[in-house]
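What follows is a single structure, written as structure tokens, with notes after it.
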Amino acid sequence: MKILAIETSCDETSASVVLAGKKSGVKKLSNVVSSQILIHRKTQGVVPEVAARAHISKISAVVQKALKDAKTSLESIDYLAVTNGPGLISSLLVGCEYTKGLALALNKRVIPTNHMLGHLYSAFVSDPKIKLPSINLIVSGGHTYLILLKKKNKFEVLGSTVDDAAGEAFDKIAKMLGLAYPGGPEISKWAANAKKKKGFKDYAFPRPMINAKNFDFSFAGLKTAVLYKIRDEKLNLKNPQTKANLAYSFQEAAVDVLVKKTIKAAEKYKTKSITLSGGVAANKLLRKKLASASRKTHNKFYVPDFSLCTDNALMIANAAAIKVQGGFKPVKYTKLKVNPQLELR
Ligand code: KG4
Ligand code: ZN
């Protein structure tokens, strides 16, 4: 089956075509991503109305390019897949209404796909034979999930964040330090340079919920700890070394919590693999530390290519294919409903 997937849940307009087997396997034919980063940099964050307008202006061209790259036509597509949540409602509506139009005009069925399911299965795009059960840490701008994947299409959410998502914490701290949007890559860039200079200092920020009995996360307290440190010690953010030290100390604390809790879950459920996905999976320190901790617990570690960590339609096409391979029946376009708070279950 050939699937055309569309992703517009936040600030990337993306379309992808894949060829999938009836029972397993997904082959990428194309994946086009048009990023709005430069637009949102001006406001240091995503303004939903602006994001939706940018999706509207790009979506047709992105879909056309995905079809062209895949050397295929709309008529030869079997199913349309689209992200129907979670995300920004106005952004989600653009992708979903566009998909409805295509489905109506072409008389095709639709696979509504949870954005987080896309992230969950994204490591399978390049490694379809990941040994299960696995523990999956999904860290994105809007969500933080620890998931036990028992087999494909059968998973349990072990924990999530009780306040800010991991990526959100990176973005908010970057904003506090006067760094550009999105904050995650900026924090890691500044943190990487901290140790190289003479004025290096680790502020040893708290590791929230690191020893809690459950698998939930909390990042709001860590954000406040950074804020209070700057305020109480009257830190001069114009000093590049101070900025680098703060970025370093925050990143160490956040990564520490993410790694410790993931490993604890892997040990408890005696898993064979650990996967890392979502935008924050692009973080080099997190990749390195989780890879090394996984090895120590005899779990094979998987992380998607950098391009598949942040939002893209290939992960949506892949998740949609896995859904159908697991028995999901694509629906009529009238059944496609947008839900900005769609839960992963
Ligand atoms: O998955 P994603 O593209 O969008 C959502 O579904 O939210 O994740 C975006 C998040 C942003 O918060 C961004 O700052 C973060 O991923 N991110 C990073 C890095 N690259 C992107 N966080 C830490 N280190 C990075 N290198
Ligand atoms: Zn995402």
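Basis for what follows: all heavy atoms, side chains included, without hydrogens, waters or symmetry-related copies. Remember, it's 1-based here, ligands and their atoms both numbered in the order they're listed.
- For His119, the closest heavy-atom approach to ligand 1 falls below 4.0 Å.
- Polar contact check, Asp311 against ligand 1: a nitrogen or oxygen pair lies under 3.5 Å apart.
- For the pair Cys10 and ligand 1, no heavy-atom separation below 4.0 Å is found.
- Taking the Zn ion (ligand 2) as the apex, the angle formed with NE2 of His119 and NE2 of His115 is 100°, to the nearest 10 degrees.
- Remark: ligand 1 and Pro182 share no N or O pair separated by less than 3.5 Å (distance only, no angle test).
- Nearest protein heavy-atom neighbour of atom 13 (C) of ligand 1: Asp171 OD1, 3.7 Å.
- Nearest protein heavy-atom neighbour of atom 7 (O) of ligand 1: Gly141 N, 2.8 Å.
- Listed by number with element, the atoms of ligand 1 under 4.0 angstrom from any heavy atom of Gly142 are 7 (O).
- Not a single donor-acceptor pair under 3.5 Å links the side chain of Glu12 to the backbone N or O of Val33.
- Under a 4.0 Å criterion applied to the non-hydrogen atoms of Gly167, ligand 1 contributes the atoms 12 (O).
- Under a 3.5 Å cut-off, the side chain of Lys150 and the backbone N or O of Leu132 do not form any donor-acceptor pair.
- At least one N or O atom of Asn283 sits closer than 3.5 Å to an N or O atom of ligand 1.
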Thr297/Asn299 under side-chain hydrogen bond (donor to acceptor under 3.5 Å, both in side chains): CA gap, chis, key distance, verdict: CA-CA 6 Å; Thr297 53; Asn299 274 277; 3.3 Å; yes
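- Taking the N/O/S atoms of Asp311 in turn, the shortest distance to the Zn ion (ligand 2) belongs to OD1.
- Looking at Ser16, its side chain never comes within 3.5 Å of a backbone N or O of Asn31 through a donor-acceptor pair.
- Distances below 4.0 Å separate heavy atoms of Thr310 from the following atoms of ligand 1: 3 (O).
- With Ser35, Ala169, Gly87, Gly279 as candidates, the residue nearest to atom 17 (N) of ligand 1 on a non-hydrogen basis is Gly279.
- Put simply, part of His115 is less than 4.0 Å from ligand 1, judged by heavy atoms.
- Considering backbone and side-chain atoms together, Gly278 places no N or O closer than 3.5 Å to any N or O of ligand 1.
- A salt bridge does not link Lys175 with Asp171: none of the charged nitrogens is closer than 4.0 Å to a carboxylate oxygen.
- Side-chain N or O atoms of Lys201 include none that pairs as donor or acceptor with a backbone N or O of Leu246 at under 3.5 Å.
- Remark: Lys289 engages Glu252 in a salt bridge, criterion side-chain N to carboxylate O under 4.0 Å.
- Judged by the 6.0 Å distance and 45° axis criteria, Lys264 is positioned over the aromatic ring of Phe215.
- For Glu7 (side chain) and Ala317 (main-chain N/O), no donor-acceptor pair under 3.5 Å exists by modelled atom type.
- When the heavy-atom distances from atom 22 (N) of ligand 1 to Ala174, Ala282, Gly184 are ranked, the shortest goes to Gly184.
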Verdict with reasoning, Asn136 to Thr275, per side-chain hydrogen bond (donor to acceptor under 3.5 Å, both in side chains): CA-CA 5 Å; Asn136 306 262; Thr275 70; 2.4 Å; yes
